[in-house]
There are 2 protein chains.
Amino acid sequence: MGTETAGPEARQPVMADVAKLAGVSHQTVSRVLNGAPHVRPGTRDRVLAAIRELDYRPNSAARALVTRRSQTLGVVSFESTLYGPASMLDGIERAARSAGYFVSVASLRSLDTRSVQEAVDRLRDQGVEGIVVIAPQTSAVSAVAKVSSSVPVVAVGSGARSSIPTVTVDNRSGAEAATRQLLDLGHRTVHHLAGPAGWLESQDRQEGWRRALKAADARVPTLAAGDWSSRSGYEAGQRIALLTDVTAVFCANDHMALGLLRALHEAGRSVPGDISVVGFDDIPEAAYFIPPLTTVRQDFGELGRRALELLVAELGGSDHPISRIRIAPEMVLRRSAGPARRA
Amino acid sequence: MGTETAGPEARQPVMADVAKLAGVSHQTVSRVLNGAPHVRPGTRDRVLAAIRELDYRPNSAARALVTRRSQTLGVVSFESTLYGPASMLDGIERAARSAGYFVSVASLRSLDTRSVQEAVDRLRDQGVEGIVVIAPQTSAVSAVAKVSSSVPVVAVGSGARSSIPTVTVDNRSGAEAATRQLLDLGHRTVHHLAGPAGWLESQDRQEGWRRALKAADARVPTLAAGDWSSRSGYEAGQRIALLTDVTAVFCANDHMALGLLRALHEAGRSVPGDISVVGFDDIPEAAYFIPPLTTVRQDFGELGRRALELLVAELGGSDHPISRIRIAPEMVLRRSAGPARRA
DNA sequence: GTTCCGTTTGTTCGCGCTCACAACCGGGCC
DNA sequence: GGCCCGGTTGTGAGCGCGAACAAACGGAAC
């Protein structure tokens with residue numbers, strides 16, 4: 001101990017070092033650090049000064065060991081390179097920080113239960129106190145519900161019929177609004193380019209579309225489906241361009257709408273002259289499509305933030321029954337949707 | 001101790017529990033867990049069985065405390081909702097996982113030194129063993145270099161003149177290739193819609209463009225600059241559309257190219273008929289722009305992966321001098337660039 | 001049969017911290 | 001003057017694990 005010269009590899013200072021320098025016990029240092037009451041201002045100041053002088057930083061592992069709290073939250077995400085998931089992650093991280101938590105991420109390789117299990121285990125091994133799942137697929141959500149371990153889990157962006165707390169945009173009413181908008185513009189009916197099967201969002205948006213059609217007594221056309229990508233939108237668009245009776249298409253997301261727009265353009269069908277198009281998401285680029293895309297905006301960042309707040313509330317002990325937060329989306333009117341011809 | 005009945009809140013099993021069940025000492029359990037040699041197969045099996053039966057999971061905080069290794073790497077990112085940063089993060093996470101590390105993220109509020117300092121501190125407080133910085137701005141990189149603490153730091157996606165190890169795409173040669181491509185198509189010169197000042201990528205791409213022009217003895221037109229967003233591309237496009245002598249534009253990224261395309265379209269200038277456009281990045285949507293965008297592809301995921309490998313190598317003790325990995329980008333030819341008129 | 005050595009297992013300690021509790025200090029009160 | 005009490009500080013223990021060392025075991029060599 002006494003023989004420890006501050007050699008070339010002077011180790012990180014620990015609480016005892018601070019205590020010695022400030023002339024107090026390590027416990028007093030701890031009290032200052034944790035804002036405990038009953039510390040004389042003068043003492044506090046000396047401790048603070050010592051901390052600053054040594055550039056002391058508490059060892060989080062030691063603290064976690066004794067408090068049994070890692071101050072870390074986990075995020076499981078899939079396809080996190082997409083705008084939606086990336087924005088949600090961003091929102092989560094910001095909210096976590098202001099709630100005093102670190103954020104650890106685990107991305108999914110695929111969507112089967114095993115992969116989800118693996119990611120959740122990984123996070124648990126790290127000792128996270130709670131998990132947010134960004135995985136809007138039916139399979140992923142049910143997988144999570146199944147593995148749902150000892151730590152609280154919240155799902156975000158997914159549809160809302162899982163058994164775990166969920167924060168999501170109201171996809172159904174958003175889709176309904178988009179469809180109605182088109183109907184109000186005088187279109188006899190509205191076609192739908194849906195997302196892939198197995199995604200809650202696909203289902204909900206499709207339902208909203210269907211409902212709006214039914215409410216207006218409009219014919220329900222056969223469905224086209226893509227996989228969210230521009231490519232799939234383009235391919236569907238090539239087929240749709242051949243159908244002469246199509247005057248309005250509601251796409252399940254903006255990326256597919258982009259592909260659709262180009263297919264229509266190449267086929268010589270003008271938008272919105274011949275065909276009106278509406279998307280969903282309002283990605284930052286949507287306003288710069290040709291023509292600018294009318295779409296349904298959802299605030300991904302807000303979604304992430306709310307999900308994290310929900311998780312923190314749960315950690316706070318208020319284990320109220322399962323909660324579902326549903327945020328209303330908002331229509332953004334641009335030029336890609338216009339009145340039906342001969343209206 | 002003996003009075004501890006497995007009440008309703010049976011605590012997590014610890015190594016001692018496993019040891020007792022398997023009839024060995026805790027140290028033997030530890031040996032099995034860490035794959036130490038000299039454990040009789042029979043013993044190992046009994047331990048493994050006990051672990052499984054109790055669903056025991058090692059406490060990472062305790063391990064971190066004694067080994068002084070958190071098995072966690074930090075990522076500092078800015079504007080992580082963008083495709084590039086998000087993809088890099090994804091690549092980093094995947095590589096980290098296969099290297100046996102957890103990943104913790106900290107996003108930057110703004111780009112000043114204080115904000116960077118804050119993020120790095122946050123990560124250090126958490127005990128990360130190394131940090132990857134996704135922050136391609138000159139200011140951020142220099143800030144990082146300054147705060148560069150006791151933990152190794154690697155920058156990714158940023159230009160390459162910082163004092164810290166860096167992984168980046170060769171922006172200069174990519175931009176040069178893009179410009180040359182346009183020149184080869186017969187354009188007398190090429191205009192450039194640059195990224196915002198202060199970004200290394202802006203500078204490098206601009207340099208590449210300038211170099212290609214010089215090499216071809218072409219006139220160097222005045223520069224337009226945006227902020228990477230489609231909106232800024234659109235606004236610049238409106239000005240460019242007014243210039244009758246512009247026949248080719250190289251945009252510093254695809255998003256701005258999108259805005260530019262629309263501005264040109266609205267102004268009645270056809271692409272590539274009147275004006276050729278080339279972008280940079282090759283975001284997934286670029287192939288579905290109107291017209292499909294010729295661009296320079298960079299593999300963000302690969303960038304992230306390589307950065308992480310570099311960091312891990314550094315942690316491995318091989319503190320070789322500063323390394324710079326530079327990955328060659330690749331031109332993707334599509335329809336937005338064509339021969340000059342009257343060629 | 002003894003010695004020696006490598007394999008296998010157990011014991012002890014301490015990582016840096018927080019918690020529970022004990023000790024101390026000083027002023028107000030009887 | 002002694003007692004009580006609240007504010008303030010210190011002491012000891014232990015969180016769960018891995019490292020270092022010690023012990024026990026068994027076979028080979030003599």
Side-chain angles (χ1 to χ4, degrees), chain A residues 1-4 9-48 50-51 54-72 124-127 129 150, chain B residues 1 4 9-48 50-51 54-72 124-127 129 150:
Chain A
M1 234 202 241
T3 59
E4 186 87 326
E9 38 189 284
R11 67 174 184 4
Q12 291 277 335
V14 299
M15 203 175 264
D17 299 324
V18 175
K20 196 187 302 177
L21 182 59
V24 298
S25 74
H26 67 115
Q27 176 62 348
T28 297
V29 177
S30 170
R31 277 192 267 258
V32 170
L33 247 23
N34 297 305
H38 307 318
V39 175
R40 211 184 322 236
T43 311
R44 175 186 312 276
D45 291 346
R46 267 183 306 147
V47 170
L48 256 16
I51 288 175
L54 296 177
D55 189 28
Y56 163 76
R57 350 195 35 116
N59 179 314
S60 65
R63 180 188 302 222
L65 179 58
V66 58
T67 60
R68 298 159 175 292
R69 298 201 35 200
S70 63
Q71 309 221 70
T72 301
R124 285 217 300 162
D125 286 347
Q126 198 186 171
E129 296 178 35
S150 42
Chain B
M1 230 198 247
E4 187 87 326
E9 39 190 282
R11 67 175 186 359
Q12 292 277 336
V14 299
M15 202 175 264
D17 299 324
V18 175
K20 196 187 304 178
L21 183 59
V24 298
S25 73
H26 83 265
Q27 177 63 335
T28 297
V29 177
S30 170
R31 277 192 267 258
V32 170
L33 247 22
N34 295 306
H38 308 318
V39 175
R40 209 182 328 230
T43 311
R44 175 187 309 278
D45 290 346
R46 267 183 306 145
V47 170
L48 255 17
I51 288 176
L54 296 177
D55 188 28
Y56 164 76
R57 346 193 39 112
N59 179 317
S60 65
R63 182 187 302 220
L65 179 57
V66 62
T67 60
R68 297 158 173 296
R69 298 200 37 200
S70 63
Q71 309 221 69
T72 302
R124 286 217 300 163
D125 285 347
Q126 198 184 172
E129 296 179 35
S150 42

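Chain letters run A, B, ... following the sequence lines, proteins first, then strands; residues in each count from 1.
Atom CD in B/Gln12 sits about 10 Å away from atom P in D/dC17, given to the nearest Å. We find that CG of A/Asp45 is positioned 16 Å from C1' of D/dT9, with the value rounded to whole Å. Atom-to-atom, NE2 of A/His38 to P of D/dT9 comes out at 11 Å; the value is rounded to the nearest Å.
Counting only residues at least two apart or on different chains, the salt bridge (charged side-chain N to carboxylate O under 4.0 Å, His left out) pairs with a member in residues 14-35 of chain A are A/Arg11-A/Asp17. The side chain to side chain donor-acceptor pair (under 3.5 Å) pairs that include a residue from residues 37-46 of chain B number zero, where partners must be two or more places apart or lie in different chains.
Across every non-hydrogen atom of A/Val14 and A/Tyr56, the tightest pair is C-CE1, 3.5 Å. Taking each heavy atom of A/Val24 and A/Val29 in turn, the nearest pair found is CG2-CG2, 4.0 Å.
For A/Thr43, a side-chain nitrogen or oxygen approaches OP1 or OP2 of D/dT9 to under 4.0 Å. Contact check, B/Arg63 against D/dG18: a side-chain N or O comes under 4.0 Å of OP1 or OP2. Using a 4.0 Å cut-off, some side-chain N or O of A/Arg68 falls inside it from OP1 or OP2 of D/dG16.
At the heavy-atom level, A/Pro58 lies under 4.0 Å from the strands shown only through sugar-phosphate atoms.
Residues that satisfy the side chain to side chain contact (heavy atoms under 4.5 Å, CB included) test with B/Leu21, not counting sequence neighbours, are B/Ala50, B/Glu53, B/Leu54. Scanning for side chain to side chain contact (heavy atoms under 4.5 Å, CB included) contacts around A/Ser30 gives A/Met15, A/Gln27, A/Asn34, with sequence neighbours left out. Checked against side-chain hydrogen bond (donor to acceptor under 3.5 Å, both in side chains), A/Glu129 has the following partners two or more places apart in sequence or in another chain: A/Arg69. By the salt bridge (Lys or Arg N to Asp or Glu O under 4.0 Å) test, B/Asp125 is found to be paired with A/Arg57, residues two or more places apart in sequence or in another chain being considered. Taking B/Ala61 as the reference, A/Ala64, A/Leu65, B/Asn59 meet the side chain to side chain contact (heavy atoms under 4.5 Å, CB included) condition, with sequence neighbours excluded. Residues forming a side-chain hydrogen bond (donor to acceptor under 3.5 Å, both in side chains) with A/Gln71 (at least two apart in sequence, or on another chain): none.
Checking B/Ala62 against B/Val24, the closest nucleotide of DNA chain C that is more toward the 5' end is the one next to B/Val24.
Bounding nucleotides for the chain A contact on DNA chain C, 5' to 3', at a heavy-atom distance below 4.0 Å, are C/dG16 to C/dA20.
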| remark: Writing each nucleotide of DNA chain C 5' to 3' as (, ), [, ], | or . by Watson-Crick or G-U pairing under 3.5 Å yields ||||||||||||||||||||||||||||||

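Within the model, atoms CG of B/Leu33 and OG1 of B/Thr28 stand 11.5 Å from one another, a figure rounded to the nearest 0.5 Å.
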| Base-contact (B) and sugar-phosphate-only (S) positions in nucleotides 19-26 of chain D, heavy-atom cut-off under 4.0 Å, - elsewhere | BB------

